[in-house]
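Below is one structure, written out as structure tokens; the observations come after it.
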Amino acid sequence: MNLFSDIRDLVIASLGEMAGEGTLPKWLDLTAVAVEPPRDAAHGDMATNAAMVLAKPAGLPPRAIAEALAAKLMADPRILGADVAGPGFLNLRLSPALWHGLVRSALMQGVNFGRSKIGAGLKVNVEFVSANPTGPMHVGHTRGAVFGDALARLLAFSGWDVTREYYINDGGAQVDVLARSAYERYREAHGLEPAIVEGLYPGDYLIPVGEALKAKYGDSLLDKGEQYWLSDVREFATAMMMDMIRDDLKLLGVQMDVYSSEKALYGTGEIEAAIQTLRDMDLIYEGTLEPPKGKEPEDWEPRVQTLFRSTAHGDDVDRPVQKSDGAWTYFAPDIAYHYNKVKRGFDQLIDIFGADHGGYVKRMKAAVSALSGGRVPLDIKLIQLVKLYKNGEPFKMSKRAGTFVTLRDVVEQAGADVTRFVMLTRKNDAALDFDFDKVLEQSKDNPVFYVQYANARVNSVLRRARDAGVAVDDATLAAADLTHLGHEAELTMAKKIAEWPRLVEIAARNNEPHRVAFYLYELASDLHGLWNRGNDDASLRFVQEDAGVTQAKIALARAVSVVISAGLGILGVTPVEEMR
RNA sequence: GGCCCCGUAGCUCAACGGAUAGAGCGUCCCCCUCCUAAGGGGAAGGUUGCAGGUUCAAGUCCUGCCGGGGUCGCCA
């Protein structure tokens with residue numbers, strides 16, 4: 001139930017009638033006609049831009065169209081007023097019964113209120129996290145994980161068929177480094193001095209891997225050449241790292257549907273086939289790249305490489321798929337991997353990358369565009385840095401010094417719910433400050449607390465009503481006589497609730513889960529405001545003498561709670577019933 | 001130098017191409033015999049970095065600058 005689209009349907013139908021009657025030309029394109037909440041409540045409940053959008057193509061003055069449309073709309077019982085304003089806006093006042101009906105449907109639909117079918121069952125693949133299997137997840141990965149998971153939930157809520165996928169980068173040189181690092185820990189487990197030289201991973205998290213290797217292989221790998229153990233140790237250590245990463249994700253409440261391995265692409269011919277497909281399109285050639293302008297590397301030498309003609313699909317320069325020694329670059333298996341996703345029948349692909357992969361966006365889009373014949377859109381969301389603070393001071397991290405902050409550190413200190421919510425209070429492409437003290441603060445400048453508090457207040461009212469012997473289950477509330485909700489402050493609250501289904505659509509269409517977090521903050525603010533007005537005006541308190549009136553007021557409060565629960569559900573945050 | 005992201009109130013940030021650009025913090029004033037004051041109401045605070053352009057309408061789209069960050073073959 002989306003009141004805005006209902007009223008838009010009415011506007012479109014009325015415009016159709018006007019065309020039928022000759023007031024408007026018949027061939028007008030109505031796609032730009034919108035029905036929106038006005039910024040200023042004094043402008044009414046909804047506004048449409050129809051007259052302004054149609055004035056030019058129809059060759060009529062906007063106010064004339066607006067007035068004719070207003071007359072039409074007034075015939076509908078839902079419309080109490082239609083006033084032409086400003087440059088040609090048509091401001092609509094709606095019957096209170098509409099808002100009452102909306103509260104009722106929120107109560108009846110529960111946390112499904114706002115669910116829609118705008119995704120039309122399209123198969124979308126959301127690839128996120130994809131952290132290298134060489135160590136535990138750190139804060140940067142955490143934000144990507146939270147974002148991807150919330151986006152997946154948002155799209156599923158909005159009618160997409162969502163697959164969450166993790167691409168394991170287990171095919172490059174970094175897993176060899178992992179193996180060598182683990183091997184040193186294996187030697188350490190045998191009481192030998194580990195030679196953790198520059199370039200190896202120094203982290204303590206590999207000590208258990210060394211011990212596990214000892215348990216499995218005994219001393220059989222000691223004093224053997226790398227060619228003897230590298231492959232086995234690599235596989236063993238990678239598997240343990242992935243277990244660790246899965247545990248980290250679980251801490252955050254993130255679950256993947258599919259784990260795809262880069263390494264598994266090698267030797268299957270998939271990479272060769274993908275490249276051959278591009279070659280058949282004349283998009284692969286042998287050539288030499290120009291050195292980057294302005295900042296030429298010291299050791300630049302022109303080399304002939306196998307290149308992908310990504311410029312044919314919007315990139316700035318062509319990109320190598322093979323290194324000068326003939327081995328695949330990282331890009332080649334990634335092309336094959338995305339081709340694989342296309343072939344699995346996804347209608348849309350979404351990749352969530354760290355901001356440092358920004359330079360990779362155009363070439364990946366070019367590859368998918370070429371391989372899908374332009375059929376499958378790829379949206380790449382770049383996740384900006386998280387800056388950590390403690391007591392207002394920047395928290396320095398250094399991977400080299402081993403002082404990086406892990407996902408586990410963050411979740412153990414702040415909790416999964418707080419971590420998730422805070423990380424979604426910013427657009428993905430803006431940097432985020434995460435202050436360990438502020439996120440746990442119980443005050444209104446902490447959005448998590450503020451939203452949870454609103455929900456707790458509703459539950460407090462429900463308890464109170466129950467204690468007074470008033471039935472407040474959702475079915476009873478939905479059946480209550482909501483005409484008791486006549487105060488302007490109460491209708492404002494209901495109108496805010498009415499925006500929820502629309503907000504979800506906008507957020508889903510733009511792949512912007514942060515909108516949900518901001519909306520919830522506004523919704524909570526409205527509830528706190530209404531609550532406090534009960535201090536001055538006893539008739540606005542939720543619990544009243546008359547049971548019927550109480551039920552109507554609580555129906556409104558409960559509808560807020562329902563939306564908060566639904567919204568937090570999309571963010572992956574558990575609503576609390578009571579503040580501690 | 002090329003490409004990408006960011007630039008909005010003193011600070012941190014919102015705003016699906018719509019009307020007089022909104023919140024929180026900070027500053028100032030007010031509200032608890034009353035459902036959790038862990039809250040609320042109000043005041044002050046703006047040339048949306050600059051200059052053009054498109055549009056009935058631009059913080060939003062396009063072009064060029066300025067400032068900050070990221071990135072730029074043989075890492076992933």
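The chains referred to below are lettered A, B, ... by the order of the sequence lines, with proteins before strands, and numbering in each begins at 1. Basis for what follows: all heavy atoms, side chains included, without hydrogens, waters or symmetry-related copies.
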Hey, which of these two, A/Glu301 or A/Leu385, hits RNA chain B nearer its 5' end, going by closest nucleotide?
-> A/Leu385
For RNA chain B, whose closest nucleotide is more 5', that of A/Leu289 or that of A/Glu522?
->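 The 5'-side residue here is A/Glu522.
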What does [X] touch in the nucleic acid at a heavy-atom separation under 4.0 angstrom: a base, only the sugar-phosphate, or nothing?
{"X": "A/Pro320", "value": "sugar-phosphate"}
{"X": "A/Gln174", "value": "sugar-phosphate"}
{"X": "A/Tyr450", "value": "sugar-phosphate"}
{"X": "A/Glu505", "value": "nothing"}
{"X": "A/Ser324", "value": "base"}
{"X": "A/Ala55", "value": "nothing"}

Under the salt bridge (Lys or Arg N to Asp or Glu O under 4.0 Å) test, residues paired with A/Arg319 that sit two or more places apart |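 Counting only residues at least two positions away or on another chain, A/Arg319 forms a salt bridge (Lys or Arg N to Asp or Glu O under 4.0 Å) with A/Asp315.
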Base-pairing mate for B/G22 - Watson-Crick or G-U, with both contacts under 3.5 Å = B/C13
Does B/U71 pair with anything, Watson-Crick or G-U wobble, both distances under 3.5 Å, and if so, with which nucleotide?
->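 Its partner is B/G2.
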Under 3.5 Å donor-acceptor, A/His141 side chain and A/His138 backbone |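 Yes, A/His141 side chain to A/His138 backbone: donor-acceptor pair under 3.5 Å.
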In whole Å, what separates the C1' atom of B/A9 from that of B/A15?
->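 Roughly 15 Å separates the two C1' atoms.
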Of the options [options], whose atoms approach the side-chain atoms of [X] most closely?
{"X": "A/Lys362", "options": "B/C3, B/A76, B/G39", "value": "B/C3"}
{"X": "A/Glu262", "options": "B/C56, B/U12, B/A76", "value": "B/A76"}
{"X": "A/Asp429", "options": "B/G70, B/C74, B/C5", "value": "B/C5"}

Establish, from distance only, whether the side-chain atoms of A/Asp318 and A/Tyr285 form a donor-acceptor pair under 3.5 Å.
-> yes
A correct 5'-to-3' footprint of nucleotides 27-36 of chain B, with B, S and - meaning base, sugar-phosphate only and no protein heavy atom under 4.0 Å, is -------BBB
Nucleic acid footprint by protein, nucleotides 15-24 of chain B - heavy-atom cut-off 4.0 Å, B for base, S for sugar-phosphate alone = SB-BB-S-SS
Tell me whether B/C32 sits syn or anti, counting syn as a glycosidic angle within 90° of 0.
->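 Nucleotide B/C32 adopts syn.
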Rounded to the nearest Å, what distance is computed from the OH atom of residue A/Tyr330 to the C1' atom of nucleotide B/C75?
->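 Interatomic distance, OH of A/Tyr330 to C1' of B/C75: 11 Å.
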Looking only at heavy atoms, which two atoms of A/Val543 and A/Val461 are closest? And how far apart?
->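 Heavy atoms only, the tightest pair is CG2-CG1, 4.1 Å.
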Quick check, are the ring centers of A/Phe128 and A/Phe147 under 6.0 angstrom apart?
-> no
